[in-house]
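Naming convention: chains lettered A, B, ... in sequence-line order (proteins, then strands); numbering from 1 in each chain.
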There are 2 protein chains.
Amino acid sequence: MTLLMKLSRRDDVGLQHQVFEQIRSMILDGTVKCGAKLPATRLLSETLGVSRNTISLAYARLADEGYIEMRESVGTFVSSQIPDLALLPANASDVSSHSLDGHFTILGGASIAAEVRSQTLINPHRRPLCADFWVGRPAAKSFPLKTWSKLIHRRLLSAGGALTEYKDPAGLLDLRKAIIEHLRAWRGITAHEDQIIIVGGCQDGLNLVCRMMMVRDGSAIVETPCYQGAAYLFESFGARLHPIPVDAKGLVTSMLPDVANSIAYVTPSHQYPLGVTLALDRRIELLAWAARTHSYILEDDYDSDFRFSGPPITALKGLDRAGRVIYLGTFSKCIGAGIRVGYVVIPRGLEDSARHFKTLMNNGQPWLEQAALADFMKDGFYESHLRRIRRLYLNRRNALLDSLKRHFGSNEVLGAEAGMHLVWRIPKHLPSAHEIETIALSVGVGVYTVSSGGAADLCPAAENDRLLVLGFSSLSEQEIELGISRLAQALAKINPLAITRSSAHLPKGEIRPRSKGEASQKQKRALDRRMLA
Amino acid sequence: MTLLMKLSRRDDVGLQHQVFEQIRSMILDGTVKCGAKLPATRLLSETLGVSRNTISLAYARLADEGYIEMRESVGTFVSSQIPDLALLPANASDVSSHSLDGHFTILGGASIAAEVRSQTLINPHRRPLCADFWVGRPAAKSFPLKTWSKLIHRRLLSAGGALTEYKDPAGLLDLRKAIIEHLRAWRGITAHEDQIIIVGGCQDGLNLVCRMMMVRDGSAIVETPCYQGAAYLFESFGARLHPIPVDAKGLVTSMLPDVANSIAYVTPSHQYPLGVTLALDRRIELLAWAARTHSYILEDDYDSDFRFSGPPITALKGLDRAGRVIYLGTFSKCIGAGIRVGYVVIPRGLEDSARHFKTLMNNGQPWLEQAALADFMKDGFYESHLRRIRRLYLNRRNALLDSLKRHFGSNEVLGAEAGMHLVWRIPKHLPSAHEIETIALSVGVGVYTVSSGGAADLCPAAENDRLLVLGFSSLSEQEIELGISRLAQALAKINPLAITRSSAHLPKGEIRPRSKGEASQKQKRALDRRMLA
């Protein structure tokens, strides 16, 4: 018999590999039958015009994998061991559908893809925007690259086995200690290093808690609106969601259901996305509710490092005397999402369980980021970094308040005293939030409704459509002014009353540094004083 | 009223913070009642002997958080808003037990910690061993530190927003492309970049699949013995485990249960821990079973990069035409566990679902390791690195075979043609595996039984106690010889017939480079020839 093969010398796949692959598939699809004798290496090498050695090596590999048998001085045969090849499922194209069927059955008739949603992390708008007020993005330039590189380099020099060995799945001890220091000084939390689990950002921490608490098929209480990543994750575990509204004092604790053994996911420092701070009496009621119902509180403190007025407020965990609060911290906002580091503070008595689950989930985080971050915190770089970007974001927030005021005559906002975004209450004479979002997009400006900005608005209140979520942390003061003025002009086209005279006459996209300068300078000075207090 | 406080100037906590904390807790534990008037700042500053400004700032923060109210020209009062403090759960000490109760209830009467087990990653033996044959540890010195540091440094220079932004949760495109190249050339797998999900090592990949496939309460088929991390993870999801024995041809496919929509976790290239390779006919039967029962096969290809004889054999995934095989790869063995990078090859049609779950789980992996690894692979460093350590491990394996032969007269082993460990069949005249493990430990040598070396022996076969699992990758040839000779001497004390005369006369711990040299040199040359073929 002869074997028909197409060998390409251009192909970056070696000839030997090509010969092997082609004979293998001829055997598998039955072109060459079991027991059939293969041409001698010399013969085949001549037919194909490749070196005999190439053929021998290809044969050797085929034999090695059991496709062919070389019988001493008799010849080379297709293995008789290969069972009826009809057994081998047909090729992907016509089975992919089955595979999907099978897959659906696994899920009791429903498609996974349909069943789970995941949070939106990256602005879905394809085309570039001249000003994008997308939420929760640190300023790229703010990353302490020089220091970070130095620390990374230093750690690599003395890495030793650190890069090859498995480490404590709970995380690097140095880092856990540094975090404890930070929590004590800045968040009023006292914890022991065994209570800290280093995770791959907030989402990994949420998962850890879901696995530990067996949220699956249980009850999860969430603020509405709230962070998508949490709501969708609870959903994916089949948990029953209880959305609780948020007012000016934060979560309306009087509406907490009397469900035992549930978990309440909250953002007390700076409600996501509305920005309100949970009032003290509500905090105490929430803690009392947890103790009464044997439930746990999951405190997500995603951006409280940026508090623009006065010192950071104590975390809910700082009030927790019953070991009912699980605290989630992340470095994604204050350093960068690209390093994927966060942490969970586990209540006493649950440390082992948490460590077990973290091990089962992913054996812990990469060593290098943990090591660099530990040094970054220990050596005081973190504190100065926070001071620097806090001031940077303060200026950007001021620029935003300023532009809103000047172009729309109203800058009534929520949650402006902390964080990386604020919520603007749209003046009555302007269209609804989702209408403005579309109009803005048409002039290359990204502004977001409560539900399009990465939040899950589980029971949308009518007034939410009068709110726009505006992230300011990643935009320069110029970009902010440009974006808001463009938006103002676009809206003016629809309704000239929409905006203040000043910017109606403003040529497209032009920036008015003078007046802006004045205003924000004054505001800045005032707020800086408070900050420094 | 006066407030009794202890302020320490030595304490690294600022005075202002101390004042704040102490008044706060006096309010919370009721020492100071709601509505009570606080001393004027001047007065308190004098009593405490601290600057008045310190007191004012502490008061400002207390007011900020709602503990106290400052009434213009009247004074400062403990907030009346704070609800009955009896509501506030008692302090941790006496509630920790409740908190645990509550916790138990969540889990329907069982403790989590008791319910889940997690895999053993680090040798549990506290005291240092002179030779530790613990499994699956790369040689620390083998890490390509110089190249790695260079690549890391280069990437950091041009990082831009990469460290601050959220990225595609499926992983860095560069890296996914590089992996596809590697899979095509080395494992006979063809995949599209959408089918690759970068994960935090094998365990993160296992989790992804468990979440996707809803393994929970379903059926999971595992080899016995098998990798603990997989068995315990399935357990933690409440899956029903079906252990299937392994013989010389690998998983005994004839014993696969006819359970529909299940998942089979297998290690076809190098069964963990027994080391056998799944025969071709078994592979085809396994694939046929999956198609027939609408099940999925989870192929864990943890260490197949180290094949000492001939080219690497095609992965099971390379035979998969029905889209039934999910392939798990890791860089923990061939580069280092400290970088926490692995990948999953997802069958067509499930890519979106996989991406959704990866996002819900942890938003993807850190950027830096992915970027450095992508360059490491693209620039050809990976291939040469593999060649280098493959040779290194080959020599170590030879040294081990050699020492076993010389000291025990028998080196009948399983799974020596690939990987980082082998399984030694204990000669009849020697004690059982677990007895030898204890004896070895007493002389500072770590050898492991099938179940103590990180494997789960779900239905222990009697003959398994005649097997010892010996990892050789992290030990030098000298350490290997030292460890085996020590073991031989220790066993000789119990039964002089246990070992060959040669090493009975061997002074404790001495190494016999000459004879060892000879033997292993010869063996090395022979095997190198095969390797280079």
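Using modelled atom types, one side-chain atom of B:Glu65 and one backbone atom of A:Thr314 make a donor-acceptor pair closer than 3.5 Å. Looking only at distances, no side-chain donor or acceptor of B:Asn362 sits under 3.5 Å from a matching main-chain atom of A:Gly200. Between the side chain of A:Arg340 and the backbone N or O of B:Gly364, at least one donor-acceptor pair lies under 3.5 Å. Using a distance-only test at 3.5 Å, with no hydrogens or angles considered, no donor-acceptor pair links the side chain of A:Gln203 to the main chain of B:Asn363.
When all heavy atoms are compared, the tightest approach of A:Leu145 to B:Ala159 is CD1-CB, 4.4 Å. Residues B:Gly229 and A:Leu360 share a closest heavy-atom pair of O-CD2, 4.3 Å. The two residues A:Leu28 and B:Ile284 come nearest to each other via the heavy atoms CD2-CD1, 4.3 Å.
For chain A, the nearby part of B:Ala139 is the backbone; its heavy atoms alone come within less than 4.5 Å. Looking at B:Lys146, there are no atoms closer than 4.5 Å to chain A (heavy atoms on both sides), in backbone or side chain. Of the atoms belonging to B:Asp204, heavy atoms from both backbone and side chain fall under 4.5 Å from chain A. For B:Arg24, the part lying under 4.5 angstrom from a heavy atom of chain A is the side chain only. Proximity to chain A (any heavy atom under 4.5 Å) is restricted, for B:Ile335, to the backbone atoms N, CA, C and O. In this structure, chain A has heavy atoms under 4.5 Å from both the backbone and the side chain of B:Leu163. Contacts of B:Gln365 with chain A are made by backbone atoms alone, with heavy-atom separations under 4.5 Å and no side-chain atom involved. With a 4.5 angstrom heavy-atom cutoff, B:Ala162 touches chain A only via backbone atoms. For B:Asp168, the part lying near chain A is the backbone, with the side chain staying farther off; criterion is any non-hydrogen pair under 4.5 Å.
The distance from atom CZ of B:Arg211 to atom OG of A:Ser236, rounded to the nearest 0.5 Å, is 4.0 Å. For the atom pair A:Trp148 CH2 and B:Leu156 CG, the distance stands at 9.5 Å (nearest 0.5 Å).
A:Pro366 has its side chain out of reach of B:Ile339: every pair of non-hydrogen atoms, C-beta onward, lies at least 4.5 Å apart. For the pair A:His17/B:Trp186, no side-chain contact is recorded, criterion being any heavy-atom separation below 4.5 Å from C-beta on. The closest side-chain heavy-atom distance from B:Glu369 to A:Glu369 is below 4.5 Å. Side-chain contact between A:Leu368 and B:Ile152: present, with at least one pair of heavy atoms (C-beta onward) separated by less than 4.5 Å.
Top candidate by heavy-atom pairs under 4.5 Å with chain A, chosen from B:Ser56, B:Gly205, B:Ala140, is B:Ala140. When each of B:Arg283, B:Gln370, B:Lys333, B:Glu165 is scored by its heavy-atom pairs under 4.5 Å with chain A, the top score falls to B:Glu165. Ranking A:Gly188, A:Ser118, A:Gly336 against chain B, the residue ahead of the rest is A:Ser118, based on heavy-atom pairs under 4.5 Å. Note: B:Pro138 leads B:Pro138, B:Gly161, B:Gly136 in heavy-atom pairs under 4.5 Å with chain A. Most heavy-atom pairs under 4.5 Å with chain B: of the set A:Phe143, A:Tyr232, A:Trp289, this distinction falls to A:Phe143.
The closest side-chain donor-acceptor pair between A:Thr164 and B:Arg137, if any, does not fall under 3.5 angstrom. There is no side-chain donor-acceptor pair under 3.5 Å between A:Gln119 and B:Thr359.
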